[in-house]
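These notes concern the structure reproduced below.
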Amino acid sequence: EAGVTQFPSHSVIEKGQTVTLRCDPISGHDNLYWYRRVMGKEIKFLLHFVKESKQDESGMPNNRFLAERTGGTYSTLKVQPAELEDSGVYFCASSLGQTLWEEQYFGPGTRLTVT
Amino acid sequence: AQSVTQLGSHVSVSEGALVLLRCNYSSSVPPYLFWYVQYPNQGLQLLLKYTTGATLVKGINGFEAEFKKSETSFHLTKPSAHMSDAAEYFCAVRGIQGAQKLVFGQGTRLTINP
């Protein structure tokens with residue numbers, strides 16, 4: 001069974017540009033999560049999809065970030081326009097159900113560098 | 001207040017020595033506690049989790065953790081370190097105010113000395 005995949009693995013963009021990150025969850029997983037780790041800080045939650053609906057977007061830092069999950073399969077996270085403080089590693093995770101003890105399976109992350 | 005605190009951003013031990021990575025949580029959080037590990041160039045992998053029941057939890061690769069409610073701790077241990085254990089380790093909690101999200105500690109990078 002394929003794991004969670006993320007694309008690209010690395011992205012270097014200039015301040016003001018737009019970047020789109022993609023996450024493909026494990027097949028059949030209705031729950032998809034985005035997290036971010038800024039350099040030197042802890043991993044922080046961004047948002048949670050259940051199928052195509054946003055269940056919790058309390059962690060989205062501002063309106064420069066737009067997440068979508070059309071059709072309830074893969075998800076994209078767009079940053080527009082990118083700022084220096086957006087640099088970090090963006091992780092995607094998925095899970096089958098929503099029980100609190102259920103494992104979230106993580107992808108390898110996308111390292112975003114904004115210069 | 002920080003929900004999860006990992007004491008020590010870097011820990012270094014000799015191969016064969018005891019590994020102890022510390023995690024304390026806020027007493028207000030529910031007891032859904034997790035340890036994840038991130039090996040270089042890989043995603044986070046679940047090591048073990050505590051939900052209910054036995055307070056000593058065994059995980060993969062010889063790791064275990066003990067849930068101590070009185071100390072609000074969930075420390076990760078391994079009796080004998082191996083070079084392949086070098087990685088970054090994250091303690092996390094889930095279920096704060098019923099939310100699905102994981103709340104992570106700051107991470108501890110474990111180095112194994114030959």
Side-chain angles (χ1 to χ4, degrees), chain A residues 2-10 21 23-26 29-51 53-60 67 88-111, chain B residues 1-10 21 23-26 29-54 57 59-60 65 67 74 87-109:
Chain A
V4 177
T5 57
Q6 294 187 243
F7 181 82
S9 57
H10 294 84
L21 313 181
C23 169
D24 286 79
I26 292 172
H29 281 194
D30 287 340
N31 295 270
L32 187 150
Y33 309 80
W34 283 99
Y35 294 86
R36 176 175 76 168
R37 189 182 195 193
V38 172
M39 183 70 70
K41 303 285 189 180
E42 68 269 29
I43 299 169
K44 285 194 171 181
F45 168 81
L46 295 178
L47 87 160
H48 169 208
F49 283 101
V50 178
K51 297 185 179 179
S53 299
K54 293 175 184 175
Q55 178 89 347
D56 180 357
E57 51 184 328
S58 62
M60 294 289 266
V89 180
Y90 290 75
F91 293 102
C92 176
S94 72
S95 68
L96 185 61
Q98 296 188 54
T99 54
L100 293 176
W101 53 87
E102 190 165 345
E103 179 176 357
Q104 293 183 15
Y105 295 85
F106 281 78
T110 293
R111 182 175 296 278
Chain B
Q2 189 78 9
S3 297
V4 181
T5 302
Q6 291 182 241
L7 301 176
S9 58
H10 290 84
L21 304 183
C23 174
N24 287 86
Y25 61 92
S26 168
V29 306
Y32 298 110
L33 295 160
F34 303 79
W35 274 100
Y36 279 85
V37 60
Q38 186 182 21
Y39 298 104
N41 301 315
Q42 295 185 29
L44 279 72
Q45 179 182 0
L46 182 67
L47 268 179
L48 49 80
K49 62 183 177 183
Y50 174 79
T51 56
T52 58
V57 181
I60 62 172
F67 172 68
F74 190 55
E88 191 160 18
Y89 293 79
F90 298 91
C91 183
V93 64
R94 194 173 181 191
I96 295 175
Q97 297 180 332
Q100 293 289 322
K101 64 184 178 184
L102 286 163
V103 176
F104 288 89
Q106 302 93 321
T108 298
R109 185 167 296 281

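All values reported here derive from a predicted model rather than from experimental measurement.
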[X] portion near chain A, given a 4.5 angstrom heavy-atom threshold:
{"X": "Gln45(B)", "value": "neither"}
{"X": "Lys49(B)", "value": "side chain"}
{"X": "Gln42(B)", "value": "backbone"}
{"X": "Phe90(B)", "value": "side chain"}

Find the one option among Thr51(B), Leu44(B), Asn41(B), Leu33(B) whose heavy-atom pairs under 4.5 Å with chain A are most numerous. Leu44(B)
Heavy-atom contact with chain B under 4.5 Å, split by part of [X]:
{"X": "Tyr35(A)", "value": "side chain"}
{"X": "Gln6(A)", "value": "neither"}
{"X": "Arg111(A)", "value": "neither"}
{"X": "Thr99(A)", "value": "backbone"}

Evaluate the side-chain proximity of Leu46(B) to Phe34(B): yes if any heavy-atom separation is below 4.5 Å, no if none is.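 Side chain of Phe34(B) against side chain of Leu46(B), heavy atoms only: contact under 4.5 Å found.
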Backbone N/O of [Y] and side chain of [X]: donor-acceptor pair under 3.5 Å:
{"X": "Arg94(B)", "Y": "Glu102(A)", "result": "yes"}
{"X": "Gln6(B)", "Y": "Cys91(B)", "result": "yes"}
{"X": "Asn31(A)", "Y": "Gly97(A)", "result": "yes"}
{"X": "Thr108(B)", "Y": "Gly8(B)", "result": "yes"}
{"X": "Lys54(A)", "Y": "Ala67(A)", "result": "yes"}

Most contact-rich option vs chain B, by heavy-atom pairs under 4.5 angstrom, among Val89(A), Leu47(A), Leu100(A), is Leu100(A)
How are the rings of Tyr33(A) and His48(A) set to each other: parallel, tilted or perpendicular (split at 30° and 60°)? parallel
